[in-house]
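Below is one structure, written out as structure tokens, with a few remarks after it.
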Protein chains: 2
Amino acid sequence: MAPIRPGSNMTAIASALGVSAATVSNALSGKGRVSPELGAKIRAKAEELGYVPSVTARALRTGRSRVIGLVLPDIANPLFPQIAQAIENAAADAGYGVLIADSRGDSSMQTLAIQRLVERQVDGIVIVPRLGTRIADLGCPVAVIDSPSTPGNTVSSDHWQGGQVVADHLVGLGHRNFVLIGANPLSNVQNDRIGGMKSRLPKGARFETIWIEKLEALAGAGCSLGLKQKVELGFTAFAATSDLHALRALTELQQAGIRIPQQASVTGFDDLVWSSVVSPGLTTVRQDMAAIAEIAVGALVGVIGDDAAEPDAATITVGVTAVAKTDRVPMTLVARQTTASVSSPDFSPASPALEGNDP
Amino acid sequence: MAPIRPGSNMTAIASALGVSAATVSNALSGKGRVSPELGAKIRAKAEELGYVPSVTARALRTGRSRVIGLVLPDIANPLFPQIAQAIENAAADAGYGVLIADSRGDSSMQTLAIQRLVERQVDGIVIVPRLGTRIADLGCPVAVIDSPSTPGNTVSSDHWQGGQVVADHLVGLGHRNFVLIGANPLSNVQNDRIGGMKSRLPKGARFETIWIEKLEALAGAGCSLGLKQKVELGFTAFAATSDLHALRALTELQQAGIRIPQQASVTGFDDLVWSSVVSPGLTTVRQDMAAIAEIAVGALVGVIGDDAAEPDAATITVGVTAVAKTDRVPMTLVARQTTASVSSPDFSPASPALEGNDP
DNA sequence: CTGAAAGCGCTTACAG
DNA sequence: CTGAAAGCGCTTACAG
């Protein structure tokens, strides 16, 4: 097969104009000094010939590919579209392409997926690490998106604050009896969210936390989280650490004949696609992915730098973590269940007011 | 910044062994004839030095980047994770990387996103086209994933057959009164799915089709599809062309106090993440994304070819469509609502049996 | 079987 | 301000 790219290269422009390729390069990059007139002529000719620079040649020469990699623990994660979109946008704005990696759901494949990226000579990698994973030195700059509670430098939403926002909203609706629903007690993100929620529950509020790791396992008939019983026990607010769990709670409650939001409120996190589609809509908290992506990509680009690759093997930079400090990006409430018929803001259940049964 | 990659290149191996770079290249690629002993020595030394080939240099020399692009109309599409994962896997198996493109939700940006990909010299592009979009000649091989009903060469699930599978399932449960729910009457995919469903409704069955394009608009309080009334009119099966619409139907029915699956069955399409999480689970139809991705990537790789780029400008290949024929990949039912209390398989509604009120 | 040479398209010191 | 030269790391005819 013939080459895909149009035939025009710097040499073509140079010879068409009787100048050198170096001058064309200088004119087009604006780096070397070129007379205004010649510069204009060169740019015009480039335009005329439909010149498209060869990123490949540039990469070979400069040692920078202008591509970053994106790694998620599980590409099937419902948050992936939001993240990928934000990263791609931020990268494109910075002149970078985004190569994706998938570990095929297998934890042990994650390293291989990252390695494939490195072999493709990405200039840096954005990683949303698998739960509990420490990212090894990759030999290239890395930006980690994770909870601020995670050791090491990360960019992240302020999940704790997000939890507070949800709790404030629920408390404002009059709720005093909370069921907090999490997926994994080892997740820093989820612990932050739950911690933030708890921190805003008023004196006398009652809460209970349930962790449900394998949500799909409940799909079988008869399986349930027992949420109906919680309602019978006087719980009225069901606050999940993810929209997926909130969806489970919503449908299970509805299935049990509980009216939402009249008898109970359900909230989630992340404003995933279905939260605006279910009836009633899910109150949730949205991450500012654009801001997170900008910080992550910006940090990466900063470390990658603009200087050319000097073949100075002695100073090979290994395992740079690009994000220099822990950035916390605020989250915003998306309230879709704005009413609730909780008896009164001062309502206390018949059972003694507990500070919770949590460990 | 110093170059990221380890210092070892072919020249390093060559000089360490006192041979030429050409021989190293031949030994490592297995293309030129090299004596078995020398070949082994070279491979050992490469291993020892931690040699990683420069994809950049190879790309510059061969004219092929070994990267393909992936373009979806809307990266926020809930099917995106499934597709991206499948394409990435198929591409990795074929030795290709995957660069993503995003049009930022803006239809007019799609062309720009594709152009960015082309400028990065991808060897080919996999496109899931925006509704009604014809893909212009891109100057590089393209594989289109779309409905088989779409003009031109495409790879696709057999959406019609998928519709039949759903209908067969519902009919088998005893349903005779169907509400078909689609998102967009202009979508070939959805028309195929609905067409397939209709084709399997038995004589005397009644059906009605409703199209609901802006699902999110329903999130507001009071908005509804009026599904409760449908139940009152005797409809028992609600079959949507997407899990997102099915989710809306499920929650709206539950919200209205209808018991699922006792009083009505709800089915969707695509086995999106929440279909196994809601209560009760959604019966749905799964696409074989792995097979589709393999066909798409395989076709692309076939067109890209193994031959080197001869600078034969006269035969620049423009707008190749890589997929040579319309492939139809069968879909499989995922039944999660396996019971229904429809009076009897021969039950006919009081109202006259219609062939449907559809145009 | 092995090597010397050219070249993919660009950028970057270094001269002029 | 402009150009000649070298080189990023590889592959591919072509000689030997």
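Here is the naming used below: chain letters follow the sequence lines, and residue numbers restart at 1 for every chain.
- Comparing atom distances between the Thr23(A) side chain and each of dG3(D), dT2(C), dT11(C) picks out dG3(D) as nearest.
- Listed nucleotides: dT2(D), dC10(C), dA5(C). Nearest to the side chain of Ala22(B): dA5(C).
- Under a 4.0 Å N-O distance rule, the pair Asp93(B)/Arg104(A) qualifies as a salt bridge.
- Put simply, the side chain of Leu99(A) does not reach to within 4.5 Å of the side chain of Ile68(A), judged on heavy atoms.
- Under 4.0 angstrom from either OP1 or OP2 of dT2(C) there lies at least one side-chain N or O belonging to Ser35(B).
- In this structure, the CD1 atom of Ile13(A) is 14 Å from the P atom of dG3(D), given to the nearest Å.
- Residue Ser54(A) places no side-chain N or O under 4.0 Å from the OP1 or OP2 atom of dG9(C).
- Listed for the Thr62(A) side chain is a donor-acceptor partner under 3.5 Å among the backbone atoms of Arg58(A).
- Remark: DNA chain D takes part in the stems C:1-3 with D:14-16, C:5-12 with D:5-12, C:14-16 with D:1-3, each of 3 or more antiparallel Watson-Crick or G-U pairs, criterion distances under 3.5 Å.
- Note that OG of Ser8(B) is 4.5 Å distant from CD1 of Ile13(B), once rounded to the nearest 0.5 Å.
- Leu17(B) places its CG atom 13 Å from the C1' atom of dT2(C), with the value rounded to the nearest Å.
- In the set dC10(C), dT12(D), dG9(D), dG9(D) carries the atom at the smallest distance from any side-chain atom of Asn9(B).
- No donor-acceptor contact under 3.5 angstrom links the side chains of Gln110(A) and Ser103(A), judged on distance only.
- As judged by a 4.0 angstrom heavy-atom cut-off over every strand, Ser25(A) is placed among the base-contacting residues.
- For the pair Arg120(A) CZ and dC10(D) P, the interatomic distance rounds to 15 Å; values are reported in whole Å.
- Residue Tyr51(B) places its side chain closer to dC10(D) than to any other of dG3(C), dG7(D), dC10(D).
- Listed candidates were dC1(D), dT12(C), dC10(D). Nearest to the side chain of Arg58(B) is dC10(D).
- Between Thr56(A) and Gly39(B), it is Gly39(B) whose nearest contact on DNA chain C lies nearer the 5' terminus.
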**Message:** Would Glu48(B) and Lys45(B) count as a salt bridge (Lys or Arg N to Asp or Glu O under 4.0 Å) here? Give the steps.
**Reply:** CA-CA 5 Å; Glu48(B) 179 194 332; Lys45(B) 182 57 83 176; 3.3 Å; yes
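- In this structure, Ile42(A) places its CD1 atom 15 Å from C1' of dT11(C), rounding to the nearest Å.
- Comparing Leu60(B) and Asn26(B) by the nucleotide of DNA chain D that holds the closest heavy atom to each, the one mapping nearer the 5' end is Leu60(B).
- Looking only at distances, a side-chain donor or acceptor of Arg116(B) sits under 3.5 Å from a matching main-chain atom of Asp102(B).
- Computed from coordinates, the Lys31(A) NZ to dC1(D) P distance equals 17 Å when rounded to whole Å.
- The closest side-chain donor-acceptor pair between Ser65(A) and Gln121(A), if any, does not fall under 3.5 angstrom.
- Straight-line distance from the CZ atom of Arg64(B) to the C1' atom of dC10(D): 13 Å, rounded to whole Å.
- Nucleotide dT11(D) holds its C1' atom 8 Å from the CE atom of Met10(B), rounded to whole Å.
- Distance, Leu28(A) CG to dC10(C) P: 9 Å, rounded to whole Å.
- Taking the side chain of Val19(B) as heavy atoms from C-beta on, and the options dG3(C), dA6(D), dG3(D), the nearest nucleotide is dG3(C).
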